[in-house]
Trainee: 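Sharing a structure here in structure tokens format.
So you know, we letter chains A, B, ... as the sequences are listed, proteins then strands, and number each from 1. Fair warning: this is a prediction, and the values are worked out from it, not measured in the lab.
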2 protein chains.
Amino acid sequence: MAEKNPIPKRERILDSAEALFAEHGYDGVTLRQIAKGAGVDVALANYHFGKKLDLFQAVFERRAAHLNESRIEALHACQAKAGKKGPSVEQIIEAFLRPLELAQETGDDGWRHYLALIAYINNSPYWGPRMMSQLFDELVQEFISALKKALPKARDEDIYWCYHNLSGALTLTLANTGRIDKLSRGKCSSDDFQAAYDHMIPFTAAGFRKVCASRS
Amino acid sequence: MAEKNPIPKRERILDSAEALFAEHGYDGVTLRQIAKGAGVDVALANYHFGKKLDLFQAVFERRAAHLNESRIEALHACQAKAGKKGPSVEQIIEAFLRPLELAQETGDDGWRHYLALIAYINNSPYWGPRMMSQLFDELVQEFISALKKALPKARDEDIYWCYHNLSGALTLTLANTGRIDKLSRGKCSSDDFQAAYDHMIPFTAAGFRKVCASRS
DNA sequence: CAGACTATTCAACAAGCGTTGAATAATCAA
DNA sequence: TTGATTATTCAACGCTTGTTGAATAGTCTG
């Protein structure tokens with residue numbers, strides 16, 4: 001019995017590449033592995049996407065706009081709700097993070113792989129400077145200026161260092177390495193995204209307040 | 001004029017491998033690149049270390065013991081100084097982090113590369129579970145039990161999630177991607193390790209207190 | 001100095017790599 | 001049904017990879 005709506009091969013290549021790049025990094029994956037994972041011939045990746053590096057780029061571009069939009073929407077929504085005095089630190093961080101939790105919580109493995117891939121490039125000295133800026137700087141700057149309003153006494157550099165810590169905590173959560181499971185001997189599960197974010201939000205918000213609330 | 005104490009070639013291979021693995025990951029580096037960086041023939045890596053994977057392991061083993069010892073010593077020192085009631089959260093985190101700052105601050109690039117390599121495996125879904133546990137679990141468990149004493153009301157899972165956030169913030173700092181420089185347009189420098197840790201310690205300590213101090 | 005052992009290089013291997021041009025199949029417009 | 005366009009596979013290329021065995025140089029022991 002033939003499948004009515006088979007996933008197009010072009011899409012399956014992106015899915016396969018996404019999953020494998022997230023697990024093994026750019027150099028740890030061959031086009032033949034990607035093709036095999038997608039059930040297509042190796043030359044098809046070249047036909048649709050060009051060189052290996054272009055395929056890598058295409059994997060990012062597929063979901064980038066959607067992700068940034070939902071995060072910006074979350075920020076604007078919480079700003080609208082907060083009124084003139086602006087949202088609190090917790091509310092801003094919540095808007096920054098919750099769309100990612102939702103993406104990780106969908107049954108769709110694609111989003112999990114995509115976010116692990118983001119974690120991979122953010123932590124990579126090679127890819128980080130090349131790719132993170134063009135993907136997220138505009139978004140991040142908007143969150144940072146919201147944080148500045150919520151923490152009017154903070155120095156700029158304090159805000160940036162705090163954001164750096166937030167970004168690191170988030171990145172490890174996105175990477176989803178399962179190490180917290182081992183360390184806690186089962187008391188925490190990497191797949192329990194809600195628990196991860198429910199802890200990350202007050203943790204980082206308290207950090208911002210402590211470092212940024214008062215001038216030295 | 002001949003150099004009196006040339007660095008042995010075996011050591012130079014480790015140095016070169018350390019630097020290249022940290023920048024490009026395991027699969028992003030070839031033995032020929034490593035050999036060229038060390039100024040030796042490609043077969044020499046095999047002679048001294050065996051397979052590529054064994055060289056990778058050897059890079060970790062060279063500095064692991066020294067690093068763990070200095071961190072354990074820092075913990076014991078702060079415990080001795082704190083007396084019977086035990087050190088504070090800040091003091092424990094400081095003991096956990098400062099030895100890394102010192103290692104990054106030495107003029108020696110080797111330690112910087114090594115710590116960036118730790119960041120690479122900690123964030124990698126492939127290497128993380130395979131390598132981090134055997135390198136650091138014993139050390140981490142000792143810090144966690146010290147944190148439990150400093151936060152007697154905390155639930156175990158809260159401590160572990162907070163540690164997860166601490167580990168993430170630290171990891172991004174070790175990776176030293178230079179992204180904070182771009183984002184802050186020069187107000188923060190990734191090479192200003194003291195500033196990084198001076199912000200990270202109160203940030204994460206406040207997070208622990210907030211999440212762990214009181215039961216819900 | 002002889003000899004043994006270690007360190008290092010040389011040359012080559014089979015396997016796998018990204019990439020390509022031509023051939024075939026599928027889709028769609030007229 | 002034709003013809004044109006797109007999608008997909010096939011077969012192969014030149015190159016690089018990790019690894020190895022034999023050859024050479026260096027170092028220490030007696």
Trainee: Tell me which pairs pass salt bridge (charged side-chain N to carboxylate O under 4.0 Å, His left out) where either residue lies in residues 110-119 of chain B, with sequence neighbours left out.
Mentor: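 Of all non-adjacent pairs touching residues 110-119 of chain B, those that pass salt bridge (charged side-chain N to carboxylate O under 4.0 Å, His left out) are D109(B)-R112(B).
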Trainee: To the nearest Å, give me how far apart CG (L44(A)) and P (dT6(D)) are.
Mentor: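 Value for this atom pair: 15 Å.
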Trainee: Applying side-chain hydrogen bond (donor to acceptor under 3.5 Å, both in side chains), can you list everything that pairs with Y163(B), at least two apart in sequence or on another chain?
Mentor: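 Y163(B) satisfies side-chain hydrogen bond (donor to acceptor under 3.5 Å, both in side chains) with no residue once adjacent residues are dropped.
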Trainee: For D41(A) and dA12(D), what is the distance between atoms CG and P respectively, to the nearest whole Å?
Mentor: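 So the two atoms are 14 Å apart, to the nearest Å.
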Trainee: List in chain and number order the residues that pass side-chain hydrogen bond (donor to acceptor under 3.5 Å, both in side chains) with D181(A), two or more places apart in sequence or in another chain; answer none if no residue qualifies.
Mentor: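 side-chain hydrogen bond (donor to acceptor under 3.5 Å, both in side chains) list for D181(A), sorted by chain: S190(A).
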Trainee: Sequence neighbours left out, what passes side-chain hydrogen bond (donor to acceptor under 3.5 Å, both in side chains) with D198(B)? Give chain and number order.
Mentor: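 Applying side-chain hydrogen bond (donor to acceptor under 3.5 Å, both in side chains) to D198(B) gives R98(B).
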Trainee: What residues, two or more places apart in sequence or in another chain, satisfy side-chain hydrogen bond (donor to acceptor under 3.5 Å, both in side chains) together with Q57(A)?
Mentor: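 Counting only residues at least two positions away or on another chain, Q57(A) forms a side-chain hydrogen bond (donor to acceptor under 3.5 Å, both in side chains) with E61(A).
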Trainee: Do any of residues 8-36 of chain B sit with a heavy atom less than 4.0 Å from DNA chain C, and if so which?
Mentor: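 The answer is K9(B), R32(B).
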Trainee: Taking OP1 and OP2 of dT20(D), is either one under 4.0 Å from a side-chain nitrogen or oxygen of N46(B)?
Mentor: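 Yes, within the criterion.
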Trainee: What pairs of donor and acceptor atoms, side-chain ones from residues 42-56 of chain B against any protein atom, are under 3.5 angstrom apart with sequence neighbours left out?
Mentor:
unit_1 : atom_1 : unit_2 : atom_2 : d
K52(B) : NZ     : Y26(B) : O      : 3.1
K52(B) : NZ     : V29(B) : O      : 2.8
D54(B) : OD2    : K51(B) : N      : 3.3

Trainee: Considering only heavy atoms from C-beta outward, does the side chain of D192(A) approach that of C188(A) to under 4.5 Å?
Mentor: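 With C-beta onward as the side chain, the pair stays apart.
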Trainee: What is the first contacted nucleotide of DNA chain C and what is the last, in 5' to 3' order, if contact means an atom lying under 4.0 angstrom from a heavy atom of chain A?
Mentor: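 Terminal contacting nucleotides, 5' to 3': dC17(C) to dT20(C).
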Trainee: Tell me every residue that passes salt bridge (Lys or Arg N to Asp or Glu O under 4.0 Å) with D137(B), counting only those two or more places apart in sequence or in another chain.
Mentor: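 Once residues adjacent in sequence are excluded, the partners of D137(B) under the salt bridge (Lys or Arg N to Asp or Glu O under 4.0 Å) criterion are R179(A).
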Trainee: Do any side-chain nitrogens or oxygens of Y47(A) fall under 4.0 Å of OP1 or OP2 in dA7(D)?
Mentor: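 Looking at the OP1 and OP2 atoms of dA7(D), one of them is under 4.0 Å from a side-chain N or O of Y47(A).
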Trainee: Among residues at least two apart in sequence or on other chains, which ones pass salt bridge (Lys or Arg N to Asp or Glu O under 4.0 Å) with E90(B)?
Mentor: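 Checked E90(B) against salt bridge (Lys or Arg N to Asp or Glu O under 4.0 Å); matches are R209(B).
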Trainee: Who passes salt bridge (Lys or Arg N to Asp or Glu O under 4.0 Å) against K36(A), sequence neighbours left out?
Mentor: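 Per chain and number, K36(A) pairs via salt bridge (Lys or Arg N to Asp or Glu O under 4.0 Å) with no residue.
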Trainee: In residues 51-63 of chain B, what residues come within less than 4.0 Å of DNA chain C, judged by heavy atoms?
Mentor: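 Listed by number, there are none.
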